[in-house]
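In what follows, a structure is listed as structure tokens, so that the remarks can point back to it.
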2 protein chains.
Amino acid sequence: MPSHTEENYLKAIYKLSEAQPGVEVSTNRIAEVLQTRPASVTDMLRRLGEKGLLHYERYRGVSLTHDGRRVALLTIRKHRLWEVFLVNKLGFNWDEVHDVAEEMEHLQSPLLIRRLDEFLGFPQLDPHGDPIPAEDGAIVRPQHRLVSDLQPGEEGTVMAVKNTSVPFLQYLDKAGLSLGAKIEVLDKVAFDNSLEIRINSNKVTLISNEISCNLFVAD
Amino acid sequence: MPSHTEENYLKAIYKLSEAQPGVEVSTNRIAEVLQTRPASVTDMLRRLGEKGLLHYERYRGVSLTHDGRRVALLTIRKHRLWEVFLVNKLGFNWDEVHDVAEEMEHLQSPLLIRRLDEFLGFPQLDPHGDPIPAEDGAIVRPQHRLVSDLQPGEEGTVMAVKNTSVPFLQYLDKAGLSLGAKIEVLDKVAFDNSLEIRINSNKVTLISNEISCNLFVAD
DNA sequence: TAATTTTCCTCGGTGTGACTGGGCACTTTG
DNA sequence: CAAAGTGCCCAGTCACACCGAGGAAAATTA
């Protein structure tokens, strides 16, 4: 049974390796996302390596073993199911759930998670549009594009967010850019890559590159 | 923010002091119910005393401060609300919930608990018939009697259980003695205090003193 | 009240989990 | 190949929880 911290490390490593497939996950990157020191990371990597949860060879970056990947995906599964619960059942907003789910994802009862999944109607996506891994770790990789990759004339429907920070989500709410919103790219400012978009065939707004790099759409 | 272990100690102390009001809670009793050694208890009592959660004077037993009582009651509140959730929403049996709730009671978000309470319809009792403390720590002391205190000729409705162990609850299920069952005491065996009872005006059974000491009824 | 028993405090110490600064080894890059 | 950057290792810290042993205090009994 992995500790909370171990689950967090494995989750972070999984997410980093997904973010840039092929590129090995570095100690410094892990330290950065987990807000800790490289020395602490080395320490934990050694332990996780000994437990057979990842392949750790010094100076060689790191990759999850089958078991490590399972733990990471199970943790993500728990996190996202609890997020669905918080939003759909308890009436939380999508910008309020992250921290609470961060705590709930460490509950260990498998039966609890199975029953929760059933209670929620076996949801496929969490409130931010991210796919929920199955019990066996299977996860569907969504076919999304970043809004920042759209060219003028293209359009799409908002399907997911890359960033789940409170300010970003609140901005989206205010701008009318929640999941399901339709976006048409009207123009792109070459200087800073900001985009002029029409939302839901209605309001026209300018969004920064910072925003469009964190928003996914599909056709 | 109290640690899991601190919450468990405070809860145990609260329950012990409720079980025998007036009698001071002893180090040995605490060690017993928490399955640990007196030396460990002394250690923790000192720490909890320093934090202002209980009055600790050596050799003098122990009593909770206002703050300590609040933490204990809040922990019990969380435990019981999650038990209701598990039974009413996720379809757990009343004998399956204790361990899971033991883990969930340590979740710290106050907002979560408030929303959960609302979602459950502000329940007053948990699945074992125990009252759920309010957010401010108010708790209604139920007007129950132990079945073991009934005399032949008396009757009552099963309202709560004192023991929540799996074997006990499963026995009750099998015997038809779930909450709400009607009990008439027909006879009492003087030798071992076992009782002959009629359940729901129907089946007649013999129950041991061990059982009747853990079952509450009301008129 | 004295003797005995019980309780439980104190002390010193253990183990685990997680984190860290500093020095040095290794890799990468120019 | 040298410099720069990265990451490892060591030794140590800190917090938390636990525990055995021995003796002090309190309770009980004689």
Side-chain angles (χ1 to χ4, degrees), chain A residues 1-13 16-17 19-20 22-64 68 71-72 75 102-103 105-108, chain B residues 1-13 16-17 19-20 22-64 68 71-72 75 102-103 105-108:
Chain A
M1 188 133 315
S3 73
H4 292 197
T5 315
E6 284 171 355
E7 285 189 341
N8 287 337
Y9 269 86
L10 292 170
K11 201 175 68 162
I13 293 166
L16 284 172
S17 65
Q20 302 172 347
V23 179
E24 54 187 18
V25 179
S26 78
T27 303
N28 275 352
R29 277 300 273 134
I30 298 172
E32 194 179 314
V33 303
L34 290 180
Q35 298 269 66
T36 181
R37 303 280 152 193
S40 313
V41 176
T42 304
D43 195 35
M44 180 61 97
L45 292 184
R46 196 184 34 69
R47 277 160 52 199
L48 292 173
E50 281 168 9
K51 289 196 180 186
L53 294 169
L54 46 78
H55 297 294
Y56 174 57
E57 221 175 319
R58 31 197 183 77
Y59 298 108
R60 287 285 178 197
V62 77
S63 64
L64 297 179
V71 173
T75 306
E102 203 68 22
E103 210 183 331
E105 76 187 4
H106 300 297
L107 295 170
Q108 290 297 349
Chain B
M1 187 133 316
S3 72
H4 291 198
T5 315
E6 284 171 356
E7 285 189 342
N8 287 338
Y9 270 86
L10 292 169
K11 200 175 67 162
I13 293 166
L16 284 172
S17 65
Q20 302 172 348
V23 179
E24 55 188 17
V25 179
S26 77
T27 303
N28 275 353
R29 277 300 273 134
I30 298 171
E32 195 179 313
V33 303
L34 290 180
Q35 298 269 66
T36 182
R37 302 280 152 191
S40 313
V41 175
T42 303
D43 197 33
M44 180 61 97
L45 291 184
R46 197 185 33 68
R47 277 161 53 198
L48 292 173
E50 280 167 8
K51 289 195 179 186
L53 295 169
L54 46 79
H55 297 294
Y56 175 56
E57 220 175 319
R58 38 200 178 77
Y59 297 107
R60 286 285 177 196
V62 77
S63 64
L64 297 180
V71 173
T75 306
E102 204 67 21
E103 211 183 338
E105 76 186 6
H106 300 298
L107 295 170
Q108 291 296 350

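In what follows, chains are A, B, ... by sequence order, proteins preceding strands, each numbered from 1.
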Exercise. Determine, step by step, whether B:V33 and B:L16 satisfy the side-chain contact (heavy atoms from CB on, under 4.5 Å) criterion, reporting the C-alpha distance in whole Å, the side-chain angles of both residues, the deciding distance to 0.1 Å, and the verdict.
Key: CA-CA 9 Å; B:V33 303; B:L16 284 172; 4.2 Å; yes
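Contacts between chain B and DNA chain D, taken as any atom within less than 4.0 angstrom of a protein heavy atom, begin and end at D:dC16 to D:dA26.
Residues from residues 39-58 of chain A placing a heavy atom under 4.0 Å of any atom in DNA chain D, listed by number, are A:A39, A:T42, A:Y56, A:R58.
The environment of B:R58 atom CZ is sparse: at most 12 non-hydrogen atoms of other residues, nucleotides or ligands sit within 6.0 angstrom. Within a 6.0 Å radius of CD in B:E57, other residues, nucleotides and ligands contribute 12 heavy atoms or fewer.
Between the C1' atom of C:dT20 and the CG atom of A:L34 lies a distance of 15 Å, rounded to the nearest Å. To the nearest angstrom, P of C:dC8 lies 12 Å from CZ of B:R60. For the pair A:I30 CD1 and C:dA18 C1', the computed distance is 16 Å after rounding to whole Å.
Looking only at side-chain heavy atoms (C-beta outward), A:Y9 and A:V71 stay at 4.5 Å or farther from each other. Side-chain contact between B:E6 and B:R47 is present, with at least one heavy-atom pair separated by less than 4.5 Å. A 4.5 Å side-chain heavy-atom check between A:E103 and A:H106 finds every atom pair outside the cut-off.
Salt bridge annotation for A:K11-A:E7: absent, with no cationic side-chain nitrogen under 4.0 angstrom from a carboxylate oxygen.
Each of A:R37 and A:Y59 was assigned the nucleotide of DNA chain C with the nearest heavy atom; the assignment lying further toward the 5' end belongs to A:R37.
Checking each of A:T27, A:V41, A:I30 against A:V62 for a side chain to side chain contact (heavy atoms under 4.5 Å, CB included) leaves exactly one that passes, namely A:I30.
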